[in-house]
There are 2 protein chains.
Amino acid sequence: MAKKIIRIKDIAKAAGVSIGTVDRVLHNRGKVSEDALKKVTAVLKKNEYKPNLIARTLGSNKAYRLVTLLPNPEQDPYWAFTHKGILQAENEWSHYGVSIVTCVFDLQEKKSFEEAAKKVLKLKPDGILIAPIFYKEALPVFKTFFDKAIPYALFNTHIKESNAISFIGQDLYHSGRVAAELICIGQKGPGTFSVLHVDEDLNDSIHLLEKEKGFKDYVNEFYDGHSVIESLNRTSSTDFSFKKRLATLLKKPDLKGIFVSSSRGTATAASFLKSHGKNGIRLVGYDLLEKNVEYLNSGVIDFLIHQKPQQQAFEGISCLVNHLIFKKSPQPINLFPLEVITRQNMPSYQVESINYHPQGTSILN
Amino acid sequence: MAKKIIRIKDIAKAAGVSIGTVDRVLHNRGKVSEDALKKVTAVLKKNEYKPNLIARTLGSNKAYRLVTLLPNPEQDPYWAFTHKGILQAENEWSHYGVSIVTCVFDLQEKKSFEEAAKKVLKLKPDGILIAPIFYKEALPVFKTFFDKAIPYALFNTHIKESNAISFIGQDLYHSGRVAAELICIGQKGPGTFSVLHVDEDLNDSIHLLEKEKGFKDYVNEFYDGHSVIESLNRTSSTDFSFKKRLATLLKKPDLKGIFVSSSRGTATAASFLKSHGKNGIRLVGYDLLEKNVEYLNSGVIDFLIHQKPQQQAFEGISCLVNHLIFKKSPQPINLFPLEVITRQNMPSYQVESINYHPQGTSILN
DNA sequence: ACTGAAAATGTGTGCGCACACACTATATTT
DNA sequence: AAATATAGTGTGTGCGCACACATTTTCAGT
């Protein structure tokens with residue numbers, strides 16, 4: 001027996017009032033006598049009314065304008081995937097009157113972030129998805145959003161004091177730990193390990209330092225043998241000293257593995273390692289970028305940690321949609337699993353991305 | 001500018017006919033003059049009409065009865081997860097008038113499968129999700145479903161000649177390959193590898209042999225050193241010869257790793273390995289069952305391959321719902337990624353399962 | 001040319017909800 | 001006592017679609 005679904009009409013009948021009164025109670029629009037209120041709430045409690053979210057959206061026909069404030073997808077394949085997820089989400093939710101405007105900024109330019117933020121505000125959005133890459137610059141932006149009562153969700157970088165409705169991302173500390181674990185598997189004896197940050201201004205990249213911390217902690221806790229951990233940082237593609245320092249590193253006979261802290265740098269590191277000769281040096285990086293997949297296939301890269309940018313972006317938008325349209329309070333922190341990609345399971349992930357079923361149906365109920 | 005959505009009404013106006021005529025064209029219910037048909041299809045092509053799936057379900061109020069034919073969840077934690085996913089799916093789709101009846105069978109009893117199949121038929125289901133564990137017994141069952149024109153989706157075990165609308169599962173051959181890869185990481189020299197099948201009648205378990213094949217192929221292709229692969233099979237918990245054979249295996253000094261082909265057997269193997277002493281023997285098994293997680297944490301198990309039973313079950317039901325309610329033809333083969341679980345990334349998966357957002361929103365296109 | 005069936009087309013209703021609006025009953029003011 | 005305000009309540013409409021049903025048109029058979 002399928003328990004039948006309770007509608008407003010049913011509540012009204014049971015409480016001996018009209019639909020309108022029930023409606024007023026449900027949305028507490030006031031103008032209800034104490035007597036009626038009591039009756040309705042009593043029935044409501046007994047029956048666990050769940051509004052039919054589908055019917056709810058039907059009549060309204062409101063247009064929701066969401067705006068994203070993310071790094072330029074043309075600048076970085078990681079953000080290109082993110083953008084793909086945004087488009088997918090737009091397609092998914094367009095039925096509900098959702099449209100998405102994309103505002104982009106330059107990963108290297110704090111100014112462009114601030115300018116993009118201004119643009120966002122001008123668009124008078126109903127909700128915002130923001131990647132607050134630049135901590136200091138992001139704070140005042142949050143404030144203006146907050147003051148204007150525009151809900152915003154955080155993406156990629158978690159800033160606790162942001163007042164955002166939700167954070168969508170990964171646990172970066174544990175991401176580093178996973179990387180370390182993968183590098184350490186089956187290795188022993190004295191070893192040098194390296195963390196590579198490529199093309200990032202570390203001052204603004206707390207998130208990369210989180211990864212590094214996790215990496216170091218794991219090695220120190222678990223590595224079976226004496227270990228040295230070296231952190232290398234390439235500030236830009238024209239940073240020549242980096243090449244030298246890397247060459248020195250690669251010459252170390254006990255170099256066991258290299259961890260690249262970002263998806264972008266992964267292929268760069270791989271190309272260096274390839275030309276130098278792999279020599280059993282384990283390489284772990286991020287994401288299924290085209291180049292990375294090639295290097296994984298050819299054995300230069302050993303593992304990739306999948307950050308699922310596309311799916312994360314989809315989730316980010318869905319979170320806003322749930323909040324705005326379905327009035328569902330999102331979970332404040334939505335952490336994606338740290339998925340390990342190897343040569344052998346990689347194809348199974350690529351199929352997935354083609355048939356990608358975005359997560360998030362459970363807007364309902 | 002949000003491009004406005006085209007409704008039936010718009011089509012009708014543009015084609016100079018009534019809504020009813022457009023409706024007949026869309027659902028080709030016939031009774032349309034050639035002239036009208038031409039006009040409507042022309043407009044239809046120009047405007048790329050997408051029905052509003054939400055509105056579509058509103059009026060109908062039909063009840064859909066789905067039935068599952070799966071192994072008893074009380075018998076096996078893997079199938080308990082599956083069952084959880086079914087319940088989740090029911091909750092998710094109940095708004096659309098979907099109810100799910102669960103028919104279970106005994107994993108060890110072919111007869112019970114046949115009996116359960118009869119029960120399923122008696123329920124006059126609108127759709128069926130079936131795990132055709134027993135190949136030979138499943139074939140006639142498929143035939144009766146097919147003859148009665150009841151759509152059914154396959155779960156877990158793929159049978160090409162089943163005429164099912166979809167298969168939801170994993171690529172088992174590659175699953176074995178991934179397991180082998182994980183066992184081989186960082187190992188060299190002459191090595192013995194073992195595949196353990198626990199409590200399965202191999203005659204009926206083509207799927208386990210698929211995994212074994214993948215495992216063997218990988219080792220033969222890639223292992224750096226002479227390799228021997230031994231396959232061990234415990235037919236039941238009272239199979240005493242197994243214990244002996246396993247003891248012999250564990251004594252081999254060059255034993256590098258053990259691959260357990262099912263989630264159920266994983267903890268069993270782990271307990272043996274623990275009492276024997278790990279000695280660097282790598283252990284790979286399946287799924288985040290409670291015991292397995294413990295063994296993974298304590299270092300007895302090195303890797304788990306996550307089959308995501310819960311999510312898969314959800315997908316299975318969603319597939320039927322899409323087919324029945326939303327008239328969307330499902331992809332014939334829906335392969336889940338082969339997710340690698342380690343000690344370090346395991347917590348990130350457990351959070352996921354709590355906040356699980358089932359995949360499948362994309363009923364809306 | 002006229003009837004009657006069949007073919008083609010159009011109209012109306014309900015799905016569950018939100019929201020505007022109309023209405024009633026009581027209290028307050030003039 | 002009549003006019004007016006106001007709290008409380010009920011009714012009606014539309015959202016986009018499916019489907020039943022009403023209506024019109026066509027055309028064969030007389």
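Numbers restart at 1 for each chain; the letters A, B, ... are given by sequence-line order, proteins then strands. Note: hydrogens, waters and symmetry copies are ignored here, and every other heavy atom, side chains too, is used.
Note on B:Tyr49: a side-chain N or O is less than 4.0 Å away from OP1 or OP2 of D:dC17. Residue B:Arg56 has no polar side-chain atom (N or O) positioned under 4.0 Å from OP1 or OP2 of D:dG16. Applying the 4.0 Å criterion to OP1 and OP2 of D:dG10, one finds that A:Thr21 has a side-chain N or O inside that range.
The two residues A:Asp126 and A:Ala63 come nearest to each other via the heavy atoms OD2-O, 3.8 Å.
Side-chain contact check for B:Lys39 versus B:Thr21: every heavy-atom pair is 4.5 Å or farther apart. The side-chain heavy atoms of B:Tyr49 and B:Ile8, taken from C-beta on, include a pair separated by under 4.5 Å.
At most 12 non-hydrogen atoms from other residues, nucleotides or ligands lie less than 6.0 angstrom from CD of A:Glu74. Annotation for B:Glu161: atom CD counts as buried by contact number, over 12 foreign heavy atoms lying within 6.0 Å.
Between the A:Ser166 side chain and the A:Gln331 main chain, a donor and an acceptor come within less than 3.5 Å of each other. Looking at A:Thr68, its side chain never comes within 3.5 Å of a backbone N or O of A:Leu70 through a donor-acceptor pair.
Per the geometry, NZ belonging to B:Lys13 stands 12 Å off P belonging to D:dG16, to the nearest Å. Between the CG atom of B:Leu26 and the P atom of D:dG16 there is a distance of 15 Å, given to the nearest Å. Spacing between atom CG of A:Leu58 and atom C1' of D:dT13 amounts to 14 Å, rounded to whole angstrom units. Protein atom CD1 of B:Ile6 is 14 Å distant from nucleotide atom C1' of D:dG16, rounded to whole Å. The nearest whole Å value for the distance from the CZ atom in B:Arg7 to the P atom in D:dA18 is 14 Å. In this entry the distance linking NZ of B:Lys9 with P of D:dC17 reads 10 Å, nearest Å.
Annotation: B:Tyr64 is not in aromatic contact with B:Tyr96 [ring centroid separation under 6.0 Å not met].
Considering only side-chain atoms of A:Lys31, the nucleotide from D:dT9, D:dC17, C:dT11 that sits closest is D:dT9. Checking C:dG10, D:dA18, C:dG16 against every side-chain atom of A:Asn52, the shortest atom distance belongs to C:dG16. Comparing D:dA18, C:dT9, D:dT11 against the side chain of B:Ile8 picks out D:dA18 as the nearest.
Residue A:Phe155 forms a side-chain contact (heavy atoms from CB on, under 4.5 Å) with just one option from A:Leu69, A:Ile130, A:Thr82, and that option is A:Thr82.
Within residues 33-40 of chain A, no residue approaches DNA chain C, by heavy-atom distance under 4.0 Å.
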Step by step, work out the side chain to side chain donor-acceptor pair (under 3.5 Å) result for B:Trp93 and B:Ser318. CA-CA 8 Å; B:Trp93 300 118; B:Ser318 298; 3.3 Å; yes
Run the side chain to side chain donor-acceptor pair (under 3.5 Å) check on A:Asn91 and A:Gln88 step by step: do they pass? CA-CA 5 Å; A:Asn91 190 42; A:Gln88 229 162 1; over 6 Å; no
I'd like a table of atom pairs between the protein and nucleotides 19-22 of chain D - only N or O on both sides, under 3.5 Å - with the distance next to each one.
unit_1: D:dC19; atom_1: OP2; unit_2: B:Arg29; atom_2: NH1; d: 3.0
unit_1: D:dC19; atom_1: OP2; unit_2: B:Arg29; atom_2: NH2; d: 2.8

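Between B:Phe113 and B:Phe105, the two ring planes are perpendicular [angle over 60°; tilted spans 30° to 60°].
The C1' atoms of five pairs define one axis at each end of the helix from C:dA1-D:dT30 to C:dT30-D:dA1, and these two axes lie 70° apart (to 10°).
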